[in-house]
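Data first, discussion second: the structure below is written as structure tokens.
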Amino acid sequence: MNQSFEKSLYNWRLRLANINVMSEELRATRIEKAEQLKQLGMNPYAYGWKSTHHAAELQAKFAELPSGEEVEIEVAIAGRIMARRVFGKLAFFTLQDETGSIQLYLEKKRIQEHMGSEDAEAFEHLKQLTDAGDILGAKGTIKRTEKGELSVYVQEYTMLTKSLLPLPDKWHGLTDVAKRYRQRYVDLIVNPEVRDAFRKRALVTAGMRRYLDQRGFIEIETPVLNSEAGGADARPFVTYHNTLEMELYLRIATELHLKRLIVGGFEKVFELGRIFRNEGISTRHNPEFTSIEVYQAYADYSDMMDLTEALITTVTQEVLGSLKITYQDQEIDLTPPWRRVTMHDVVKEKSGLDFTQFATVEEAKAAAKQAGLHDIDKCESIGRILNEAFEQTVEETLIQPTFILDYPVEISPLAKPHRSKPGLVERFELFIVGRETANSFSELTDPLDQRDRLEAQAARKAAGDLEAQGVDEDFLTALEYGMPPTGGLGIGIDRLVMLLTNSPSIRDVIAFPLLKPEKGEPEET
RNA sequence: GGGCUAUUAGCUAAGUGGUAAAGCAGCCGCCUCUUAAGCGGAAGAGCGUAGGUUCAAAUCCUACAUAGCCCA
């Protein structure tokens with residue numbers, strides 16, 4: 001093995017560890033500092049720390065403290081060093097914890113007084129052995145500096161964790177978008193607003209669970225691994241169970257199992273959880289995402305509209321304190337009631353096409369093409385042409401929250417026929433900023449009708465439609481035992497959180513979005 | 001799947017064919033009110049990967065990789 005080969009091999013290994021050759025020097029000096037700390041009797045990887053306060057608490061509590069004044073209260077605090085400003089016998093560190101940041105006022109004299117008996121060089125060690133990125137604990141009093149910065153006037157400090165890798169540029173931060181997603185931990189350290197988005201996301205899911213819990217809904221977890229993927233039109237992920245020797249599919253919806261629970265006698269159920277769909281990645285799509293599905297016996301889609309409004313406005317108010325929000329320069333007003341309009345009416349409104357007038361598919365196709373719509377030839381029914389017309393002319397115009405009602409039966413295999421409009425089902429979708437945010441129907445409870453619809457789906461699947469559903473025989477059996485009239489609702493949590501956090505990409509609200517693996521390494525080692 | 005754009009030091013980045021700027025971080029000095037601290041010094045770059053054109057390529061061409069945006 002020649003030397004250059006060994007070197008390149010070494011470089012590749014470092015790359016695998018996300019460490020570049022050049023940063024290796026920086027890293028080596030920090031490892032050396034950790035070693036020196038050990039020799040001084042300080043563990044660079046401590047076991048714990050007791051804080052008395054968080055940064056934000058101190059900032060709030062001493063907001064009125066005048067500049068230059070000190071308060072003789074003993075506090076202990078911990079966090080990551082984000083910036084160091086070091087003088088000969090004085091230093092200022094900016095310490096960041098989960099709540100915010102506060103300055104450490106580190107005076108040689110004061111530190112030597114309190115730590116001097118054990119370690120006369122405590123201040124020099126602080127200067128030499130700490131770096132931005134280290135996690136530090138500090139005890140001291142409170143002082144607002146002459147320049148007006150609230151600070152902990154440090155008496156003692158403890159290294160809690162020595163960081164070996166440098167933080168991104170303190171001024172420009174981490175702007176490489178790919179790196180932000182790949183190394184989300186670094187993104188979170190240096191971009192506080194990213195933490196805020198995930199905090200809001202947690203408030204949304206907690207708020208929904210609380211709202212439903214208070215109204216008697218119970219959350220039941222249904223299987224992720226299924227022998228048949230149903231409940232939606234989407235390609236599933238396929239996996240394999242070794243001892244059963246069978247293929248299994250990751251769920252593409254929670255619908256069919258939650259309905260089985262309604263058959264079983266639960267009257268109000270929901271599940272908030274992860275869904276997997278084997279489709280492309282975009283600013284609005286991640287292959288794994290989160291939905292909430294809610295089923296309520298003896299309710300219909302009108303009841304579910306009320307529930308949708310209530311759920312979304314409740315969590316929005318909780319999270320943002322207002323129902324008026326700004327999303328990417330658009331003003332959105334979530335104050336209910338939201339507009340309710342049928343698909344037929346809104347398509348007529350936007351495109352001029354009145355689908356109630358068409359007697360044949362050919363007639364509808366001709367009119368749709370006349371109106372300038374594309375991809376019409378693939379549609380084999382009036383209902384699918386109507387849906388194309390909706391997607392092409394209406395969808396993106398629905399900026400303010402709008403319920404679109406009464407969908408064609410062909411594209412809604414699990415919804416109950418409309419009680420008064422032939423060919424349609426009792427279904428709505430909610431659109432906000434042009435995006436489908438919720439989907440709901442009066443659930444189909446007639447087992448024979450359901451069988452016909454699923455068999456039609458299965459025929460499409462057999463004909464090569466990869467998104468069509470198969471026949472879930474066990475689900476049909478459940479329906480034959482009898483399911484009460486039921487309203488069902490699904491809400492896309494990621495899209496809702498995007499809206500509430502003003503995030504342009506779904507990747508901004510998923511902590512670890514799916515990315516292609518980074519480019520290859522040598523085949524041989 | 002298609003189009004456009006990007007990829008230069010750990011981070012942020014300049015450089016449109018002729019020896020690869022700079023700031024921050026790191027290293028060595030000085031410094032008790034800084035907060036993008038300051039001043040002085042010495043380092044640090046396979047210019048995404050692989051080919052090609054050229055006396056000469058970070059720069060032009062072709063693939064490929066990754067990402068972003070738009071479209072389907």
Side-chain angles (χ1 to χ4, degrees), chain A residues 4-5 7-12 14-15 17-33 59 67-70 81-96 101-112 123-124 126-134 143-154 163-183 186-187 189-191 279-285 328 373-375 378 388 391-392 396 504-508 513-522:
Chain A
S4 73
F5 179 77
K7 190 186 172 195
S8 79
L9 188 62
Y10 177 66
N11 291 353
W12 281 114
L14 292 174
R15 250 162 221 243
N18 254 322
I19 295 159
N20 283 310
V21 188
M22 273 311 116
S23 74
E24 181 62 5
E25 284 181 28
L26 303 178
R27 187 167 166 266
T29 67
R30 292 196 179 199
I31 290 172
E32 173 57 28
K33 288 177 184 179
Q59 296 285 6
S67 294
E69 291 201 14
E70 191 182 340
I81 301 170
M82 298 304 289
R84 301 166 79 239
R85 296 174 290 279
V86 180
F87 298 79
K89 293 172 184 166
L90 180 69
F92 301 95
F93 287 7
T94 302
L95 203 70
Q96 172 177 282
S101 61
I102 190 164
Q103 180 168 271
L104 300 184
Y105 182 89
L106 299 145
E107 200 180 51
K108 180 169 185 174
K109 196 174 148 212
R110 174 87 58 122
I111 287 172
Q112 308 276 55
F123 184 77
E124 293 307 315
L126 179 78
K127 285 202 324 191
Q128 284 166 13
L129 302 179
T130 63
D131 290 286
D134 292 349
K143 169 185 168 127
R144 189 176 292 280
T145 62
E146 286 160 28
K147 295 288 169 63
E149 186 72 31
L150 187 71
S151 307
V152 174
Y153 195 168
V154 176
S163 166
L164 299 184
L165 295 173
L167 290 176
D169 188 284
K170 67 183 170 190
W171 182 242
H172 298 94
L174 186 65
T175 56
D176 179 334
V177 183
K179 197 159 285 183
R180 283 188 47 217
Y181 297 139
R182 276 189 208 285
Q183 294 188 275
V186 179
D187 190 27
I189 290 168
V190 298
N191 295 321
E279 54 196 28
I281 298 174
S282 77
T283 49
R284 287 175 296 279
H285 298 87
Q328 306 291 303
L373 303 184
H374 49 84
D375 290 331
K378 69 178 185 187
E388 276 296 328
E391 288 181 1
Q392 289 179 38
E396 67 182 18
S505 169
I506 196 169
R507 288 176 164 181
D508 296 324
L514 185 67
L515 300 165
K516 284 194 210 172
E518 274 190 294
K519 69 179 166 208
E521 53 271 3

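Atoms considered below: every heavy atom in the structure, side chains included; atoms not considered: hydrogens, waters and symmetry mates. None of these values were measured; they are calculated from a predicted model.
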For the pair made of [atom1] in [X] and [atom2] in [N], what is the distance, rounded to whole Å?
{"X": "A/H285", "N": "B/A72", "atom1": "NE2", "atom2": "C1'", "result": "12 Å"}
{"X": "A/L104", "N": "B/C33", "atom1": "CG", "atom2": "P", "result": "18 Å"}
{"X": "A/I281", "N": "B/A67", "atom1": "CD1", "atom2": "C1'", "result": "12 Å"}
{"X": "A/R180", "N": "B/U7", "atom1": "CZ", "atom2": "P", "result": "19 Å"}
{"X": "A/M82", "N": "B/A25", "atom1": "CE", "atom2": "P", "result": "13 Å"}
{"X": "A/E70", "N": "B/C33", "atom1": "CD", "atom2": "C1'", "result": "14 Å"}
{"X": "A/Q392", "N": "B/A72", "atom1": "CD", "atom2": "C1'", "result": "11 Å"}
{"X": "A/H374", "N": "B/G2", "atom1": "NE2", "atom2": "P", "result": "19 Å"}

In whole Å, what separates the [atom1] atom of [N] from that of [M]?
{"N": "B/U59", "M": "B/C47", "atom1": "C1'", "answer": "10 Å"}
{"N": "B/U54", "M": "B/C61", "atom1": "C1'", "answer": "12 Å"}
{"N": "B/G2", "M": "B/C64", "atom1": "P", "answer": "9 Å"}
{"N": "B/C33", "M": "B/A42", "atom1": "P", "answer": "28 Å"}
{"N": "B/A50", "M": "B/A14", "atom1": "P", "answer": "24 Å"}
{"N": "B/G23", "M": "B/A43", "atom1": "P", "answer": "14 Å"}
{"N": "B/G44", "M": "B/C27", "atom1": "C1'", "answer": "10 Å"}
{"N": "B/A45", "M": "B/U32", "atom1": "P", "answer": "35 Å"}

Give the nucleotide from the list [options] with an atom nearest to the side chain of [X].
{"X": "A/F87", "options": "B/C33, B/C27, B/C69", "answer": "B/C33"}
{"X": "A/F92", "options": "B/C27, B/C33, B/U32", "answer": "B/C33"}
{"X": "A/K143", "options": "B/C11, B/C33, B/C27", "answer": "B/C33"}
{"X": "A/R84", "options": "B/U32, B/A25, B/G26", "answer": "B/G26"}
{"X": "A/R182", "options": "B/G26, B/A67, B/A72", "answer": "B/A67"}
{"X": "A/K109", "options": "B/U35, B/C33, B/U32", "answer": "B/U32"}
{"X": "A/T283", "options": "B/U32, B/C33, B/C69", "answer": "B/C69"}

**Request:** Output yes when at least one side-chain N/O atom of A/K127 is less than 4.0 Å from OP1 or OP2 of B/C28, else no.
**Result:**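 So the side chain of A/K127 is outside the cut-off, no N or O lying under 4.0 Å from OP1 or OP2 of B/C28.
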**Asked** Between A/K179 and B/C11, is there a side-chain N or O to OP1/OP2 distance below 4.0 Å?
**Response**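 So the side chain of A/K179 is within the cut-off, an N or O lying under 4.0 Å from OP1 or OP2 of B/C11.
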**Prompt:** Can you tell me which stems RNA chain B forms when a stem means 3 or more consecutive Watson-Crick or G-U pairs under 3.5 Å?
**Reply:**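 As far as RNA chain B goes, consecutive pairing (with distances under 3.5 Å) yields the stems B:1-7 with B:65-71, B:10-12 with B:22-24, B:27-30 with B:38-41, B:48-52 with B:60-64.
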**Message:** If the condition is side chain to side chain contact (heavy atoms under 4.5 Å, CB included), which residues does A/K109 pass it with, not counting sequence neighbours?
**Reply:**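 Partners of A/K109 by the side chain to side chain contact (heavy atoms under 4.5 Å, CB included) criterion, ordered by chain and then number, come out as A/E107, A/E113.
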**Item:** Residue closer to the 5' end of RNA chain B, A/E107 versus A/R284 (nearest nucleotide)
**Value:**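 Result of the comparison: A/E107.
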**Message:** Pick the closest RNA chain B nucleotide for A/Q128 and for A/Y105 by heavy atoms, then say which residue is nearer the 5' end.
**Reply:**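 Taking each residue's closest nucleotide, the earlier one in sequence belongs to A/Q128.
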**Item:** Closest non-hydrogen atom pair, A/I189 against A/Q96
**Value:**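 That closest heavy-atom pairing would be O-NE2, 2.9 Å.
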**Item:** Minimum-distance pair of heavy atoms, taken over all atoms of A/L90 and A/Y105
**Value:**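 Looking at all heavy atoms of both residues, the shortest contact is CD1-CZ, 3.7 Å.
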From [X] atom [atom1] to [Y] atom [atom2], the distance as rounded to the nearest 0.5 Å:
{"X": "A/L104", "Y": "A/I81", "atom1": "CG", "atom2": "CD1", "result": "7.5 Å"}
{"X": "A/R180", "Y": "A/D508", "atom1": "CZ", "atom2": "CG", "result": "5.5 Å"}
{"X": "A/S163", "Y": "A/R27", "atom1": "OG", "atom2": "CZ", "result": "11.0 Å"}

**Message:** Looking at A/Q392 and A/H374, would you say the former's side chain and the latter's main chain have a donor-acceptor pair under 3.5 Å?
**Reply:**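 Judged by distance alone, yes, a pair lies under 3.5 Å.
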**Request:** Quick one: label A/T145 by what it contacts on the DNA or RNA (base, sugar-phosphate, nothing), any heavy atom closer than 4.0 Å.
**Result:**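 Base: the residue A/T145, judged by heavy atoms under 4.0 Å, touches a nucleobase.
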**Prompt:** So among A/E149, A/R85, A/R84, which one has a side-chain contact (heavy atoms from CB on, under 4.5 Å) with A/T94?
**Reply:**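 Testing A/T94 for a side-chain contact (heavy atoms from CB on, under 4.5 Å) against A/E149, A/R85, A/R84 leaves exactly one candidate, A/R85.
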**Prompt:** NZ of A/K127: more than 12 outside heavy atoms within 6.0 angstrom?
**Reply:**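 Buried by this count: over 12 neighbours within 6.0 Å.
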